[in-house]
Participant: 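Please read through the structure below; I'll follow up with questions.
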Amino acid sequence: MAKYKMHVLVCGGTGCKASASDSIIEKFKSELTAKGLDNEVQVILTGCFGFCEKGPIVKVLPDNTFYTQVKPEDVAEIVAEHLVKGRKVNRLLYVDPKSNEHVSDSKHMGFYRKQIRIALRNCGFINPENIDEYIARDGYYAIGKVLKEYTPAQTIDIIKKSGLRGRGGGGFPTGLKWEIASKNAADQKYVVCNADEGDPGAFMDRSVLEGDPHSVLEAMAICGYCIGATKGVIYIRAEYPLAITRLKIAIDQAREYGLLGKDIMGSGFDFDITLRYGAGAFVCGEETSLIHSMEGLRGEPTNKPPFPAESGYLGKPTNVNNVETFASVPVIILKGAEWFASIGTEKSKGTKVFALAGKINNVGLIEVPMGTTLREVIFEIGGGIKNGKKFKAAQTGGPSGGCLTEKHLDTPIDFDNLIAAGSMMGSGGMIVMDEDDCMVSIAKFFLDFTVEESCGKCAPCRIGNKRLYEILERITNGEGTMEELERLRNLSLVIKDTSLCGLGQTSPNPVLSTMDNFYHEYLAHVNDKKCPAGQCKSLMQYVIEPEACVGCTACARNCPVNAITGERKKPHVIDTAICIKCGACIEKCKFNAISIK
Amino acid sequence: MAKIKSLDDLRMMKESLQSKINLREKGEDPGSHVQIKVAMATCGIASGAKTVMEFMMEELEKRGIESVITQTGCMGYCFAEPTIEVKLPGKEPVVFGYVDNKKADEIIEKYIKNGELVDGIIPMNYETIE
């Protein structure tokens, strides 16, 4: 067998694939063959590196060279310079936004320095479509060890001692959940993996499934052994075609090796996994709705109790965990509960994956120990705010969460601190906003999402959120009143108290949290009819300063609705009744005579 | 492909597969291994650096020495090609010149294994920026 002196890892996550990483791989292979290096350099497709902002990513090992935004045309140069002659291609290296210097290897990138990768340990490291690489990284060793050395009760105890809490949002202790499910006797039980990731801007679970599908399969089998289930189902949204493809490959390979199926590793334990596709409804991330959807019913929640652990899928005891929770399990078994519990804060152990999105330099996927501060996440790992603007807020927990502001920058992020700060962990989406974002509009954006996604079963959520949205719309249109501000808060609290499921109970959170932290912006919209961030179109007015206007007519000629009138060489006037606030006049004015008021 | 029927099967399989990703795992933590850089510019390649690199990769593995071998550009000692830089864990790097397979063998046996310096060291006139 040929011995490779170098490995070229090419990101095959959805983001990088969209930017032609497939043809980059093809190009590498053909260039290497042409240069006679195909037996010396191995090209490997991997999962997401997390640095999606600058994709497609190509990493060369063992020297850890990290190339960003590689195009198929760049491949020939990388091969000729780096792989043949050992000279790194400078122009493709990552440039540190602070020092403006090229960083030659990933060990020196601020983005990776503070990260600890547990759930993402294999993402961007192994080929997700090759079970051999997973096995080489101690894959399936955890299930083997559990089956041979521990009883189900002992295994549950390890998970309990590790302090692992559900990564889907609620933060319920995983070990306890397994224990409850294990104690309910039944002829058949189920392990369900919740891969119905629906928060706007969140893509943690997708990346884990695309980059390391076997870790989830292995953990589901461990869970099955613990609770006494022989069947596992992954509920995944149909909008994740790549994750589905890779899961299918992984399941087939695991069956072929006898790591799924009957009598796994001679233990007498049977476990197999099937996939179930969701149509992409947000509410199906809620356990009971998810189970109904799996049964072929409408994705609507039901009251708990009974909890799924008592009566879940097809009326049988069912344990539902999120993708990231499962992905952490094999490592806990291999490295021990104490090791995992030594990472993180007192009540939140281990690490959390966040999807950074919005006005941040390093959009991407990161995994940090619990207790890392928001400042470290945004300014050190995330590289700060885009275009040097000022940080305003970060939304965590998606449409169910709230915003964290400047005063929360130094709060250690964990389950309990986020709730105390009026937000929540959620599944890990983190949307960063800068000074140009209007917080009322942000609340409206999330409400729009909730109204769309409400299943319609209970009145507070179905009708209440719609009314909230209408009030917010009036405020952003400059038609809001002080009474309505009060009604906004009261209605929010009623919805919180009276909704049936988690979606409804948390849906007013973005409103309440922006009202708590940015009440002055609401007041400015209501009292002064102004949008401080300059985002709400109805509250803006384009005005021509008569002193600065020379009457060149450039604005009038470019106005698409003929709202500007005036004689040549005399100051022009905008008719605000006709103006559609498109901004075309400002662009054309050479004398800075037009401003937004 | 054979089925994995026991934990021992899995362990054996892992061992045989380990070498596939060894290179990547070592790259994650290069500081704890012997790091060797082979100058592979035109001058180096013309003088046989490629043969030396292959020789070292094979021999180091045969002799059970955990090492990370990378290629680098011209170090500027074109008169003494092929040149290699060897950095033992926790030590300053040392550059050797005129390295052929025989010399490489000597370097492995004496310097890498026992820390004994051998002939052919070139005084370094550069610093590596980390």
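Quantities reported herein were computed from a predicted structural model and do not represent experimental measurements.
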Participant: Would you give the length of the straight line joining atom NZ of B/K20 to atom CD1 of A/I126, rounded to the nearest 0.5 angstrom?
Facilitator: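 If I round to the nearest 0.5 Å, the distance is 12.0 Å.
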Participant: Starting from the C-alpha separation in whole Å, work towards a yes-or-no answer on side chain to side chain contact (heavy atoms under 4.5 Å, CB included) for B/L7 and A/Y141.
Facilitator: CA-CA 7 Å; B/L7 192 56; A/Y141 199 78; 4.1 Å; yes
Participant: Please classify the contact of A/V60 with chain B as side chain, backbone, both or neither, using a heavy-atom distance under 4.5 Å.
Facilitator: neither
Participant: In Å, rounded to the nearest 0.5 Å, how long is the span from CG of B/D9 to CE of A/M265?
Facilitator: 9.0 Å
Participant: For chain B, which candidate among A/H82, A/E133, A/K148 shows the most heavy-atom pairs at distances under 4.5 Å?
Facilitator: A/E133
Participant: Do the charged groups of A/R137 and B/E25 touch, with an N to O distance under 4.0 Å?
Facilitator: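 The answer is yes: the pair qualifies as a salt bridge.
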Participant: Counting only heavy atoms not in A/N90, do more than 12 fall under 6.0 Å of its CG?
Facilitator: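 Atom CG in A/N90 is packed in, count exceeds 12.
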Participant: Go through the atoms of A/L147 and report whether side chain, backbone, both or neither lie under 4.5 Å from a heavy atom of chain B.
Facilitator: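 Nothing of A/L147, per the 4.5 Å heavy-atom cut-off to chain B.
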Participant: How about B/Q71 and A/K85: does a side-chain donor come under 3.5 Å of a side-chain acceptor?
Facilitator: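 Their side chains do not contain a donor-acceptor pair, so the 3.5 Å distance test is not met.
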Participant: Please name the pair of heavy atoms, one in B/L17 and one in A/A136, separated by the smallest distance, quoted to 0.1 Å.
Facilitator: O-CB, 3.7 Å
Participant: Using a 6.0 Å cut-off, check whether atom CD of B/E61 has over 12 heavy atoms from anything other than its own residue.
Facilitator: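 It does not: B/E61 CD has 12 such atoms or fewer within range.
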Participant: Would you mind reporting whether B/I4 and A/Y140 have side-chain heavy atoms less than 4.5 Å apart?
Facilitator: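 Result no, sub-4.5 Å side-chain heavy-atom pair not found.
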Participant: So what's closer than 4.5 Å to chain B heavy atoms on A/D63: side chain, backbone, both or neither?
Facilitator: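 When you check distances to chain B, atoms from both the backbone and side chain of A/D63 fall under 4.5 Å.
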Participant: For each of A/E81, A/H7, A/R87, A/M6, tally heavy-atom pairs with chain B at distances under 4.5 Å, and name the one with the top tally.
Facilitator: A/H7
Participant: Please state whether the side chain, the backbone, both or neither of A/K107 comes within less than 4.5 Å of a heavy atom of chain B.
Facilitator: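 For A/K107, the side chain is the part near chain B, not the backbone.
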Participant: Under 4.5 Å heavy-atom distance to chain A, tell me which part of B/L23 shows up: side chain, backbone, both or neither.
Facilitator: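 It is both, since atoms from each part get that close.
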Participant: Strictly below 4.0 Å, N to O, side chains only: are A/K5 and B/E58 in salt-bridge contact?
Facilitator: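 Result for this pair is no, no salt bridge flagged.
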Participant: For B/K5, which atoms come within 4.5 Å of any heavy atom of chain A: side chain, backbone, both, or neither?
Facilitator: backbone
Participant: Taking atom CG of A/N122 and atom CD1 of B/I21, what is their separation to the nearest 0.5 Å?
Facilitator: 7.5 Å
Participant: Checking the side chain of B/R24 only, and the main-chain atoms of A/F125 only, is there a donor and an acceptor separated by less than 3.5 Å?
Facilitator: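 Looks like yes, one N/O pair under 3.5 Å.
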Participant: Do B/K50 and A/E40 have side-chain heavy atoms sitting under 4.5 Å apart?
Facilitator: yes
Participant: Counting only heavy atoms closer than 4.5 Å, note whether A/I44 contacts chain B via side chain, backbone, both or neither.
Facilitator: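 Interface part for A/I44: side chain.
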Participant: With a 4.5 angstrom heavy-atom cut-off, could you sort out which part of B/E54 is near chain A: side chain, backbone, both or neither?
Facilitator: side chain
Participant: So for A/L259, is it side chain, backbone, both, or neither that comes closer than 4.5 Å to the heavy atoms of chain B?
Facilitator: side chain
Participant: Sort out for me which of A/N127, A/D263, A/I135, A/L83 touches chain B most, counting heavy-atom pairs under 4.5 Å.
Facilitator: A/I135
Participant: Would you compute the distance between atom CG of A/L61 and atom OG1 of B/T70 and round it to the nearest 0.5 angstrom?
Facilitator: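 It comes to 11.0 Å.
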Participant: Under 6.0 Å from the NZ atom of B/K110, do we count more than 12 heavy atoms belonging to anything else shown?
Facilitator: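 Count not over threshold, so no.
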